[in-house]
Every structure is written in C-alpha cells, then in structure tokens.
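Quick notes on the structure that follows.
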Amino acid sequence: MNAIDAPICPRCLRHIPNDTSPGAYSGAGSRWDRSIEICSPCGFGEAAGRGVIPPDQWPIDLSQPPEKLNFTGKWPAQ
Ligand SMILES: [Zn+2]
C-alpha cells in the first residue's frame, strides 16, 4: 500500500500506523472509542503522553510537546 492509499489518523492527520510505513499494518484503537483507529504514535500518546483527548479537539497540535511528566518517549514533532 502506498502513502496515498494509507488511512489517515483522525487524531493527528498523519498516516496509520505511522508516516514511515503508511498502511503497513493496523493502527491502534483510541481509548476514547475503540472503534476509532488512530496511528501508533497517537496510541502511545494516549497511553503515556497527553492522555486521551476528546475527538472534538482533534486534530491535536503536534508542535507542542506534552506537559505530562510521565511522557518518556520521543515526541514526534513535525
Ligand atoms: Zn495519530
């Protein structure tokens, strides 16, 4: 699958599962609603980053790293 056909994450508008391998495999189910497929970085972000952000606030602002102290990963800045 090429990048054009790959699904887009509604939370951050990047490709699912990520921009490196668009469409290579399924993304994560959002913790807000498991039926909503989001990208791998967003799945991690919900678990360890900013936490669950309601879909009415999507797409999220990726330019600012999360303030939460429990975020230990590399923030995928654009
Ligand atoms: Zn995403």
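In listed order, ligands and their atoms are each counted from 1. Predicted, not measured: the structure shown is a model, and the values here were computed from it.
With rounding to the nearest 0.5 angstrom, the CZ atom of Arg50 is 7.5 Å from the CZ atom of Arg11. The distance from the CD1 atom of Ile53 to the SG atom of Cys12 is 10.5 Å, given to the nearest 0.5 Å. If you take CD1 on Ile8 and CZ on Arg14, they are separated by 11.0 Å, rounding to the nearest 0.5 Å. In this structure, CG on Leu13 lies 9.5 Å from CD1 on Ile60, to the nearest 0.5 angstrom.
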Which atom pairs, donor and acceptor, lie under 3.5 Å between side-chain atoms of residues 33-42 and protein residues at least two apart or in another chain?
| from | atom 1 | to | atom 2 | distance (Å) |
| --- | --- | --- | --- | --- |
| Asp33 | OD1 | Ser35 | N | 2.8 |
| Asp33 | OD1 | Ser35 | OG | 2.6 |
| Asp33 | OD2 | Ser35 | OG | 3.3 |
| Arg34 | NH1 | Gly29 | O | 3.0 |
| Glu37 | OE2 | Gly27 | N | 2.7 |

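Looking only at protein N/O/S atoms, the ones less than 2.8 Å from the Zn ion (ligand 1) make 4 in total.
A salt bridge (charged side-chain N to carboxylate O under 4.0 Å, His left out) check over residues 21-30, counting only residues at least two apart or in different chains, returns nothing.
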